[in-house]
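Below is one structure, written out as structure tokens, with a few remarks after it.
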Amino acid sequence: MKTTFISGTAGAGKSLLTSKLREYYTSNGAFAAVLNLDPGVENLPYECDVDVRDFVDVVSIMKQYDLGPNGALIMANDLIASKCDSLKTEIDRVNPDYLIVDTPGQIELFAYRSSGRFIIDNLTTEEKTNIFLFDGALVTEPLNFVSIALLAASIRLRLNLPVLNVMTKTDLIEDRIKDILEWSTDHASLEAAISGTADGEAYSLTTAILRGLDYTDLVQGLIPVSNVTGEGLVSLEAALSRILNLGEEVED
């Protein structure tokens with residue numbers, strides 16, 4: 001079994017990409033299963049094979065501990081770690097070739113709390129990787145692009161997994177894709193774009209951050225994808241194969 005975690009900011013398209021990856025593996029004759037790790041989600045664009053909501057009930061937590069929605073979500077995500085053995089039992093029962101893990105909409109609940117890293121460390125699989133989503137609707141502005149790139153680097157450090165960076169919603173930003181991809185590979189181009197939209201402290205801080213980092217390793221080849229049209233999914237799947245299957249494609 002090989003595992004792919006799907007992470008990113010709320011609304012970036014994690015669940016929809018999860019469903020598209022599952023469709024791809026299934027259409028190529030591989031057995032893929034989905035683990036939903038978001039205890040607060042109400043509707044999903046796929047059928048869960050293993051669902052954390054079967055083990056952690058946010059509504060019950062709100063009532064039992066007199067918590068609001070945010071507090072209940074925090075407690076629920078912390079409780080997931082205590083259910084790790086049950087989740088593993090269910091995953092082993094399903095026994096897929098590929099496990100796709102849809103992480104919580106609020107990225108901090110998974111990446112920065114102990115439960116997320118605990119689940120990553122305790123899932124016994126051959127290979128693991130993380131796909132981080134750059135929300136195309138957000139990264140059309142250079143300052144937003146830098147902010148999301150820094151978040152991606154932080155998530156990579158926290159999760160300690162091989163990572164693929166994917167820009168979603170390309171069907172909505174067709175006129176900006178070229179610029180964004182250039183920012184992802186060319187430090188000078190990004191700095192020039194920042195200078196045209198920011199000045200003073202914002203410009204100084206942003207450029208200082210960029211110059212203090214190894215820029216060539218910050219974004220690591222952004223892959224543009226549309227979950228709606230399917231454009232770019234072949235490139236993403238090839239990149240996944242290089243990590244999970246040592247470059248071998250999924251066979252029919």
Side-chain angles (χ1 to χ4, degrees), residues 4-14 16-18 101-113 116-117 120 128-227 231-233 235-236 238-240 242-243:
T4 300
F5 294 87
I6 313 293
S7 64
T9 54
K14 295 186 291 295
L16 191 52
L17 182 60
T18 296
V101 183
D102 190 7
T103 64
Q106 295 84 356
I107 190 171
E108 68 277 7
L109 295 179
F110 176 70
Y112 296 117
R113 302 192 71 83
R117 184 61 183 270
I120 288 174
K128 302 173 189 175
T129 190
N130 175 49
I131 295 177
F132 182 88
L133 304 189
F134 283 60
D135 188 335
L138 296 179
V139 297
T140 54
E141 297 297 326
L143 288 180
N144 286 352
F145 177 85
V146 173
S147 297
I148 299 298
L150 290 173
L151 177 60
S154 175
I155 298 302
R156 180 184 174 197
L157 176 65
R158 173 64 181 164
L159 301 185
N160 193 31
L161 291 173
V163 66
L164 292 173
N165 290 313
V166 171
M167 177 172 62
T168 58
K169 304 180 183 178
T170 55
D171 54 293
L172 302 179
I173 56 166
E174 292 180 356
D175 59 332
R176 300 303 308 277
I177 294 173
K178 182 179 178 181
D179 291 336
I180 296 169
L181 291 179
E182 188 174 5
W183 296 345
S184 72
T185 58
D186 184 354
H187 185 169
S189 172
L190 177 57
E191 193 166 319
I194 293 169
S195 69
T197 59
D199 54 20
E201 184 177 356
Y203 175 78
S204 299
L205 176 60
T206 306
T207 53
I209 289 172
L210 291 176
R211 291 169 183 172
L213 293 170
D214 181 359
Y215 188 73
T216 59
D217 198 41
L218 182 59
V219 179
Q220 286 194 322
L222 196 58
I223 303 171
V225 164
S226 170
N227 290 329
E231 188 172 358
L233 287 174
S235 296
L236 172 57
L240 269 176
R242 285 194 291 271
I243 294 175

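No experiment lies behind these values; they were computed from the predicted model shown. The basis for the numbers below is simple: all heavy atoms, side chains too, and nothing from hydrogens, waters or symmetry mates.
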**Asked** Is there side-chain contact between Phe145 and Leu222, with heavy atoms separated by less than 4.5 Å?
**Response** yes

**Item:** Closest contact, heavy atoms only, Leu236 versus Ile223
**Value:** N-CG2, 4.1 Å

**Item:** Thr129 (side chain) donor-acceptor with Thr4 (main chain) under 3.5 angstrom
**Value:** no

**Distance-minimising heavy-atom pair for Ile107 and Gly8** = CB-O, 3.6 Å

**Rounded distance [0.5 Å steps], CZ in Phe134 versus OG1 in Thr9** = 10.0 Å

**Side chain proximity check, Thr170 to Val225, heavy atoms < 4.5 angstrom** = no

**Backbone of Leu181 reached by a side-chain donor or acceptor of Ser184 within 3.5 Å** = yes

**Message:** Has Ser154 got a side-chain atom pairing as donor or acceptor with Leu150's backbone, closer than 3.5 angstrom?
**Reply:** no

**Prompt:** So do the side chains of Phe5 and Leu159 get within less than 4.5 Å of each other, counting heavy atoms only?
**Reply:** no

**Complete:** The reported gap from CD1 in Ile6 to CG in Leu16 (rounded to nearest 0.5 angstrom) is 11.0 Å

**Request:** Answer whether the closest heavy-atom distance between the side chains of Thr103 and Leu109 falls below 4.5 Å.
**Result:** no

**Asked** Is the CD atom of Glu108 crowded by more than 12 outside heavy atoms at less than 6.0 Å?
**Response** yes

**Item:** Pro142 to Leu190 - nearest heavy-atom pair and separation
**Value:** CB-CD1, 4.1 Å

**Polar side-chain atom of Thr206 near backbone of Tyr203 as donor-acceptor pair, under 3.5 Å** = no

**Request:** Check for a donor-acceptor pair, side chain of Lys128 on one end and backbone N or O of Ile120 on the other, with a separation under 3.5 Å.
**Result:** yes

**Asked** Does the side chain to side chain contact (heavy atoms under 4.5 Å, CB included) test come out yes or no for Ile155 and Val163, once each step is laid out?
**Response** CA-CA 9 Å; Ile155 298 302; Val163 66; over 6 Å; no

**Asked** Can you name the nearest heavy-atom pair linking Thr140 to Arg176, along with the distance?
**Response** O-NH2, 3.0 Å

**Complete:** When every non-hydrogen atom of Thr168 is compared with those of Asp135, the smallest separation belongs to OG1-CA, 3.7 Å

**Prompt:** Which atoms form the tightest heavy-atom contact between Asp171 and Ser226, and what is the distance?
**Reply:** OD1-OG, 2.8 Å

**Message:** As a quick check of understanding, evaluate side chain to side chain contact (heavy atoms under 4.5 Å, CB included) for Arg156 and Asn165, giving each step before the final call.
**Reply:** CA-CA 10 Å; Arg156 180 184 174 197; Asn165 290 313; over 6 Å; no

